[in-house]
Amino acid sequence: MIKDRGWQEIVEFGTLGDIPVRLLAETGSTNQVAIDLAKDDSPTYTVVVAEEQTEGRGRLGKKWQSPAGTGLYFSIILRPNLAPEDLPKITLMAGLAVCRAIERVTSLSLLIKWPNDILLGGRKLGGILAETADSPTQRIAVVLGVGLNVNSPLTAFSAELHDKATSLLIHTDKEYCRSELLAAIVDEVKRQVSRFERDGFAFILDEWRKRDATLGQELAWVTHSGEVVRGVSLGPDDTGQLLIKDRLGRIHEVLSGDVNLVGVNCDNS
Ligand code: BTN
């Protein structure tokens, strides 16, 4: 068992090497702080981490519950050397990086529900929110926000999340060191960005597909206009868009929107 040794360590002993880390006791959203820093030309890979978020953001305008002191809530400023059409693939890349890092630290096995839910034992352990920020002098930044339920007891979440969310503590009955997880995830994100820039998306997608939580299962996709499309998941295509085949054999390409297993909702944002 790895006890949480506290945050001072990463600042004082430089576990994140030369990467600047902003450690905040409380903030609205680390993504918003990182977007502001990116617009002000803060260095690539700057990390913003908060003990608590009061306005934690999830995908599709949802809130991310960020109870104090037990979870990992952070954002990293990326400036990947990629074509604009490749930027949406960063979410899938990040999911893979987060899984690899957590697995390295904990020896657990994780799955991903397209596009960004990190699942442990069929429940949501974490999520990823990628947002972009322009700066006058640098490449467009992608702010990668990661929320991870680490040492959170079930009582830290509101009642509607009790059958959807999990944490490393809930699943394993052990506490984990958040700073060690943070360092491992940042390191893995950097590796995957370099790999993407060097080798393209195909290898990343191959690995992502091995962790696909919903391949072959029946999904309900709620489109932006509120229409519900039901069908079987064919997994992501080569560009990362999810493909769903409905009963009439029509293939739907999902670029965004809410996707849930029929009869199950493991979304905790
Ligand atoms: C989702 O699953 O909908 C995405 C959740 C992302 C939450 C993280 S917590 C750190 C960062 N700051 C935010 O406001 N959101 C992301």
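As the structure is a computational prediction, the values presented were derived from the model and not from experiment.
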Enquirer: Quick one: does any side-chain atom of T70 pair with a main-chain N or O of N151 as donor and acceptor, under 3.5 Å?
Expert: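 Answer holds: no.
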Enquirer: Can you tell me if D40 and S42 form a side-chain donor-acceptor pair at under 3.5 Å?
Expert: no
Enquirer: If I take atom OG from residue S29 and atom CD from residue Q53, how far apart are they, to the nearest 0.5 angstrom?
Expert: 5.5 Å
Enquirer: Does a donor on one side chain and an acceptor on the other come within less than 3.5 Å for N116 and T91?
Expert: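 No, T91 and N116 have no side-chain donor paired with an acceptor closer than 3.5 Å.
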Enquirer: Is a side-chain donor-acceptor pair under 3.5 Å present for S158 with Q65?
Expert: yes
Enquirer: Would you say the side-chain atoms of S152 pair up with the backbone N or O of A156, donor to acceptor, closer than 3.5 Å?
Expert: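 No; judged by distance alone, with no hydrogens or angles, the pair does not exist.
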Enquirer: Work out which heavy atom in K113 is nearest to a heavy atom in V259; give both atom names and the distance.
Expert: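 Closest heavy-atom pair between K113 and V259: NZ-O, 2.9 Å.
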Enquirer: Can you name the nearest heavy-atom pair linking L125 to L168, along with the distance?
Expert: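 Residues L125 and L168, closest heavy atoms: CD1-N, 3.5 Å.
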Enquirer: Are the side chains of D86 and F196 in contact, using a 4.5 Å heavy-atom criterion?
Expert: yes
Enquirer: Just to verify, what does D36 make a side-chain contact (heavy atoms from CB on, under 4.5 Å) with, not counting sequence neighbours?
Expert: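 side-chain contact (heavy atoms from CB on, under 4.5 Å) check on D36 returns Q32.
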Enquirer: To check you understand the geometry: which heavy-atom pair defines the closest contact between C99 and L111, and what is its length?
Expert: SG-O, 4.4 Å
Enquirer: Do we see a donor-acceptor contact under 3.5 Å between the side chains of S75 and T30?
Expert: yes
Enquirer: Hey, are T137 and D41 close enough side-chain-wise for a donor-acceptor pair under 3.5 Å?
Expert: yes
Enquirer: Could you tell me if N31 and E131 have a donor-acceptor pair between their side chains, going purely by distance under 3.5 Å?
Expert: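 N31 and E131 do have a side-chain donor-acceptor pair below 3.5 Å.
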Enquirer: Between NZ of K245 and CG of L234, what distance do you get to the nearest 0.5 Å?
Expert: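 Separation between the atoms: 6.5 Å.
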Enquirer: Please determine if K190 forms a cation-pi arrangement with Y45, meaning its NZ or CZ atom is less than 6.0 Å from the six-membered ring centre and no more than 45° off the ring axis.
Expert: yes
